[in-house]
Structure formats: C-alpha cells, structure tokens
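We name chains A, B, ... by the order of the sequence lines, and we start the count at 1 in each one.
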Amino acid sequence: MMTMKVSRKEVEHVAFLSRLALSEREAEEFTRQFNQIFKQFEKLNELDTSQVEPTSHVLQMQNVLRQDSVRSSLPIDEVLANAPDREDGYFSVPRIME
Amino acid sequence: MNIYDMTLHQLWKMLHEGDITVQEIYGSFAGRIEEVESKVGAFVNLTPDIAELQVHKAADRWSEGRGVTPLTGLPLAIKDNMSLVGVPNTCSSKMLENYIPPYNATVVEKLAEDGALFIGKTNLDEFAMGSSTETSAFKLTRNPWNLGHVPGGSSGGSAAAVAAGESPAALGSDTGGSIRQPASFCGVVGMKPTYGRVSRYGLVAFAGSLDQIGPITRDVYDCAIMMNALSGHDACDSTSADIPVPDHTTGLGQDIRGLRIGLPGELFNEGIDASIREAIYTAVDLLTGMGAECVEISMPHLEYSMPVYYILATAEAGSNMARYDGVQYGYRASGAKDILDMYIRTRSEGLGTEVKRRIVLGTYVLSSGYYDAFYLKAQKVRTLIKADFDRAFTRVDLLVSPVTPTTAFKAGKRADDPLQMYLSDICTIPANLAGLPAMSVPCGFDNGLPMGMQIIGKPFDETTMLRVAYAYEQSTDWHKRRAVLAG
C-alpha cells in the first residue's frame with residue numbers, strides 16, 4: 001500500500017495552481033495537516049473497488065435541458081453593479097496583452 | 001408564554017383567531033433581537049426595511065382574508081448564502097462582503113410569495129465550510145444554551161436565531177450536516193431534504209452533488225409546514241427533481257405501529273459520547289413502546305464516509321471557488337501588477353484559512369497522481385455507501401442514529417485542528433453522500449446542552465420521517481424548552 005508524503009514545496013505549488021499565495025504559517029500548517037488528512041484518506045485503500053462503478057451524482061438524471069425559447073435576462077446595469085471595475089458595459093481587468 | 005417563544009403554527013392560529021396582529025408578531029421578534037442579539041450574534045445583516053414592507057402586505061392579506069398561506073405574516077431568517085434581492089449575500093466572507101444579488105433564490109421567492117417576513121441574514125462558516133460557525137470572517141455566533149459554546153455549523157446563525165427566540169424558523173443549507181448538526185447543538189429541529197427536493201437556485205454553491213437547502217424550526221409540525229413551502233421542481237435548477245410533492249403534514253399524528261427502524265451499529269461506536277448513545281437508546285425504547293420495530297443493522301462502509309466526503313466535497317468546492325477571481329463581482333485586490341497577480345492577491349486576501357485549506361486540498365485530490373488514488377476511489381466508495389443504504393432500506397423504513405459524537409463544544413477548542421473538526425461530521429455525512437433525507441430532533445440534554453436524534457429516510461419519503469419524529473416529539477417535552485440567555 002502506498003503512502004503519500006506531502007512536501008511544503010508541493011503544497012505551495014498546488015496552492016499556486018489554485019491561484020492562492022499562502023502565508024508562511026498557512027504553508028507550514030497545511031503541509032502538516034495534509035499529511036494527517038491524507039493518512040485518513042488512504043484508509044480507502046482497504047477496500048477492493050476494482051468491480052465498482054463510481055458515483056458522481058445520486059440522481060439518475062441526464063441532459064436536463066430547457067426549452068430553446070427567448071427569455072429576458074437580467075439588465076446589464078444590474079449585473080455590472082457588482083463588478084469591481086467596469087467600462088462601457090464590460091468587465092474591466094488589468095491589461096492581459098501588451 | 002412570550003410571543004417570541006412560539007412556533008409558526010401557534011402564531012398562525014393566533015392570527016387566524018384574531019388574537020394577535022402581524023405587527024405585534026414582528027414587534028415581538030424585533031424586540032427580542034434588540035434584547036439578545038448582542039449576546040448571540042446570529043445575524044450578519046438585519047433587514048428591518050424589507051420586513052416592515054412585508055408586514056404591511058401580510059397584514060392586508062389577513063384583513064382581506066385572501067391569499068393567506070401557513071406562513072403569511074410570520075418571520076423567517078435566511079442563511080447568508082442564499083440570495084435576497086438588494087441585501088448583501090456575504091457567505092460570511094470578505095470576498096462577498098459587498099456583493100448585492102440582483103435576483104432572489106427560488107426558496108426566497110417562494111417564501112416571499114407566501115407572505116413571510118424576512119428579518120435578516122444569518123451568520124455561517126465562511127462559504128459554509130466549517131462545523132462551528134467560527135470560520136465566519138465577521139463574527140462569532142454563540143450557543144444560546146451556553147454562550148461559551150459554539151452553535152455548530154455551518155448554519156450556526158440560523159440555529160442560534162431559532163433557539164434564542166430571534167426567529168421562529170430559519171433556512172439553512174446542508175452539505176455534510178450543516179443543518180442537522182447546529183440544530184442538534186441548539187436543541188431545535190433541522191431537516192436536510194432529499195437531494196433534488198428543494199431548488200438550490202440562488203444558493204451559493206459549496207459542493208454541488210451534496211448541497212441541499214432545508215428548514216430549521218422549533219418543532220416537527222413547523223418543519224412539515226416549511227417543507228410544504230420549500231419543496232418542488234424548479235426549471236432554474238437542473239438537479240431539481242420533477243416529481244409530485246406530498247402534503248408533509250398528513251402523517252403527523254398517525255401512529256407508527258409496525259414501522260421498521262434500523263439502528264446502524266457503525267454510528268453508535270465508542271467515538272460517540274456515552275450520554276448521547278444512551279439518549280438515543282432511550283428514544284428508541286419510546287418508539288418501540290409505540291409499536292415500531294427497532295432492529296440493529298450493519299452498514300460496513302459507513303466508516304469510510306469521512307475520507308469519501310472530504311475528498312469529494314473539497315474537489316467540488318475547489319472547482320466552485322474558482323469563480324472568485326475579482327473580475328465579475330466580489331472583492332478585488334488593489335495594486336496588482338498584472339492579471340495573474342490580481343487573481344492571486346484577490347483570492348489570498350479575500351478568503352479565510354479554512355476556505356483556502358479546502359481549495360488546496362480539493363485541487364490536490366484532482367491533480368494528476370492523486371486523481372485515481374483519491375478522487376476516483378472516493379467516487380467508487382460512495383457507490384458502496386449508497387449500496388449499504390439501498391440494502392438497509394429493503395429491511396427497514398427508516399434509520400435512527402446520533403447526530404453528533406458530542407454536544408456543542410467550547411468556542412476555540414477545535415478551531416486549530418481541522419482533522420478533529422472533520423471527524424465530528426461522521427454521523428451526518430452519509431446521508432449527503434447517498435442523497436437521502438435526514439433530520440435532527442431534540443432528544444435530551446447533557447450538562448445543560450441539547451442532544452439530537454437523527455432520522456434518515458428513503459429518497460423523497462420525508463413524510464414518514466416527519467411522522468416518526470412527530471410521534472416521538474409529542475411524547476417528550478424537549479421541544480418545549482427554551483434557552484435562558486443569562487449572563
């Protein structure tokens with residue numbers, strides 16, 4: 001049975017993939033805690049699941065579609081009211097391309 | 001009896017008989033909030049402007065005698081992760097502190113149409129991630145039965161508001177126990193309906209395959225009334241079930257003779273406080289005395305619930321939380337040098353530690369090298385857990401267990417130990433994984449703190465659960481006790 005050991009460097013990398021920068025304390029705590037938590041997760045290896053189908057959802061529903069009809073949507077002003085920055089009816093963000 | 005100590009159905013009866021006005025009801029709860037909210041801290045925002053408008057409309061409905069529903073003129077509190085137009089929907093996070101939703105959640109819309117009064121938005125663990133309401137970015141909520149203890153979580157504000165007399169009922173959301181556990185800790189009734197029974201449109205997503213909205217009330221009858229108001233298909237939620245809704249009050253008062261109740265041994269193990277196990281066994285004796293057949297059963301995969309849940313819930317949470325990037329709504333950090341820097345600073349400054357922990361954990365279990373070992377494995381064990389329930393329900397009609405391993409713990413006691421916090425969800429998680437309805441009913445006190453009994457039902461069979469819960473409740477007086485907010 002494999003045992004997964006998590007390093008601080010790896011935790012910081014996965015945090016970066018999640019677009020998070022961890023503080024010193026968070027990086028240290030998470031590393032220690034993930035090693036404990038993964039030990040609990042590895043308990044699942046006790047079970048043979050080679051013949052078991054995965055469940056992603058308990059309801060047996062597929063392709064729930066609405067009628068393809070025109071409906072009014074929220075006014076743009078109301079939607080943009082929550083935007084941190086906006087311009088001419090668009091969301092505004094820092095420059096992406098030079 | 002104080003007006004603010006009454007249940008929804010008691011208040012409705014008084015309105016019906018002309019013994020009280022909608023204004024008097026609202027005034028009593030508003031006064032109670034004034035009196036105790038500084039001690040309890042159940043609310044993130046109070047909404048008197050909205051409530052007062054609704055008071056007038058509801059009073060008109062009553063005086064004209066038309067369009068009166070079982071909730072017309074009755075106050076309700078809403079967990080602060082469900083959209084109410086014009087009022088911040090903060091999720092108790094700095095990230096959404098100033099986010100004002102432009103639309104109503106379907107449940108909010110339904111309750112508004114019924115003529116309910118919205119008195120405020122209640123505190124929760126940040127983005128509903130927690131079991132004590134201590135991860136709220138704004139404030140601590142206290143347990144009305146003992147202010148040094150937590151109210152549970154994540155719907156801690158809703159449960160505390162109902163227990164403290166600030167609201168006769170409230171909405172909560174339950175992903176791994178977030179309605180039932182705080183209901184148990186605060187001595188009130190809480191139900192997580194079957195997955196798909198209640199629309200989640202307008203509920204800020206935590207883990208989409210597990211989340212469900214449900215009521216927190218002072219007794220079982222009120223729970224049934226709220227279930228009638230909340231249930232039903234909604235085209236805006238593609239996971240909403242398109243099946244008929246029964247009248248949830250019909251089974252109340254019927255006898256429970258011949259009903260078969262299973263006690264899963266795995267949820268009565270040595271990790272559960274002896275006083276709680278005893279309280280449940282006492283309750284089971286009572287049910288047996290009323291003619292139910294109670295049998296011990298084994299569900300061997302339940303002991304794997306915690307890892308399965310924390311793998312799947314964090315994976316889904318990590319994905320859901322990707323939307324908080326400072327672009328469309330919510331917090332945006334200032335001074336970023338480019339867009340990547342803006343994303344990272346926004347998320348790192350706007351989110352708290354527990355939310356970050358779950359995002360990183362969720363990204364871990366979905367990353368290559370871990371996906372098969374953790375995520376896919378957990379999905380497969382979820383199948384085994386669900387199969388345990390399917391098998392159990394060929395033999396019994398309902399399952400009964402504790403809700404929590406302990407009564408409400410002291411504030412600050414587990415805040416720095418996430419694993420201990422996660423392990424405390426052991427009894428409530430399985431129903432979410434299997435999508436089943438489950439509720440918490442008050443079943444006693446230990447050292448002045450409430451205990452709860454969990455009832456788990458077959459899919460879409462909330463009425464049988466309510467029938468048994470009501471039969472139990474009516475032969476006890478736990479639900480009549482009210483917290484005395486001393487000190």
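The aromatic rings of A:F38 and B:Y370 sit tilted, their planes meeting at an angle between 30° and 60°.
Under the side chain to side chain donor-acceptor pair (under 3.5 Å) criterion, the residue pairs touching residues 303-317 of chain B are A:K43-B:E303, A:E46-B:Y304, B:S209-B:E316, B:Y310-B:D425, with sequence neighbours excluded.
The side-chain heavy atoms of B:F374 and A:L44, taken from C-beta on, include no pair separated by under 4.5 Å. Using a 4.5 Å cut-off on side-chain heavy atoms (C-beta onward), A:H57 and B:T239 make contact. Looking at B:L361 and A:F30, their side chains never come closer than 4.5 Å, going by heavy atoms from C-beta outward. Looking at B:R332 and A:P94, their side chains come closer than 4.5 Å, going by heavy atoms from C-beta outward. Side-chain contact between B:T363 and A:L20 is absent, with no heavy atoms from C-beta onward closer than 4.5 Å. Residues A:Q40 and B:L419 are in side-chain contact: their nearest non-hydrogen atoms beyond the backbone lie under 4.5 Å apart.
For B:D242, no part sits under 4.5 Å from any heavy atom of chain A, backbone or side chain. Both the backbone and the side chain of B:S238 come within contact range of chain A, with heavy atoms under 4.5 Å apart. Neither the backbone nor the side chain of A:S23 comes within contact range of chain B; no heavy atom of the residue lies under 4.5 Å from a heavy atom of that chain. B:A387 does not touch chain A: none of its heavy atoms, backbone or side chain, sits under 4.5 Å away. Residue B:Y375 does not touch chain A at all, counting heavy-atom pairs closer than 4.5 Å. Of the atoms belonging to B:S334, not a single heavy atom falls under 4.5 Å from chain A. Both the backbone and the side chain of B:K356 come within less than 4.5 Å of a heavy atom of chain A. In this structure, chain B has a heavy atom under 4.5 Å from the side chain of A:E29, while its backbone stays farther away. For a residue to count as touching a neighbouring chain, one of its non-hydrogen atoms must lie under 4.5 Å from one of that chain's; by this rule A:F91 touches chain B with the side chain only.
Applying the 6.0 Å contact sphere to NE2 of B:H233 captures more than 12 heavy atoms from other residues, nucleotides or ligands. Other residues, nucleotides and ligands place no more than 12 heavy atoms under 6.0 Å from the CD atom of A:E28.
When the candidates A:R95, A:R25, A:E26 are compared by the number of heavy-atom contacts under 4.5 Å with chain B, A:E26 comes out ahead. Taking A:D85, A:I37, A:L47 one by one and counting their heavy-atom pairs under 4.5 Å with chain B, the maximum is reached by A:L47. Heavy-atom pairs under 4.5 Å with chain B peak, among A:L22, A:L65, A:V93, A:L17, at A:V93. Counting heavy-atom pairs closer than 4.5 Å to chain A, the top-ranked of the candidates B:P102, B:P101, B:P459 is B:P102. Contacts with chain A were tallied for B:L384, B:L376, B:L351; B:L384 has the most, counting heavy-atom pairs under 4.5 Å. Heavy-atom pairs under 4.5 Å with chain A peak, among B:L433, B:T353, B:L312, at B:T353. Comparing A:E53, A:H13, A:R86 by how many heavy-atom pairs each has under 4.5 Å with chain B, the most go to A:E53. Across B:D417, B:T383, B:L436, B:V365, the residue that shares the most heavy-atom pairs under 4.5 angstrom with chain A is B:T383.
Heavy-atom neighbours of chain A within the stretch residues 340-349 of chain B, taken at a separation under 4.5 angstrom, comprise B:L340, B:M342, B:Y343, B:I344, B:R347, B:S348. Chain B is approached within less than 4.5 Å, heavy atom to heavy atom, by A:L74, A:E78, A:N82, A:A83 from residues 73-83 of chain A, ordered by number.
Residues A:S7 and B:Y364 approach most closely at O-OH, 4.4 Å, considering heavy atoms. B:Y329 approaches A:P84 most closely through the heavy-atom pair N-CD, 4.0 Å.
Counting only distance, with no hydrogens or angles, the side chain of A:T49 and the backbone of B:K377 share no donor-acceptor pair below 3.5 Å.
By the ring-ring contact (aromatic ring centres under 6.0 Å, His included) test, B:F206 pairs with no residue at all, sequence neighbours left out.
Expressed to the nearest 0.5 Å, how far OH of B:Y422 lies from CD of A:Q36 amounts to 11.0 Å.
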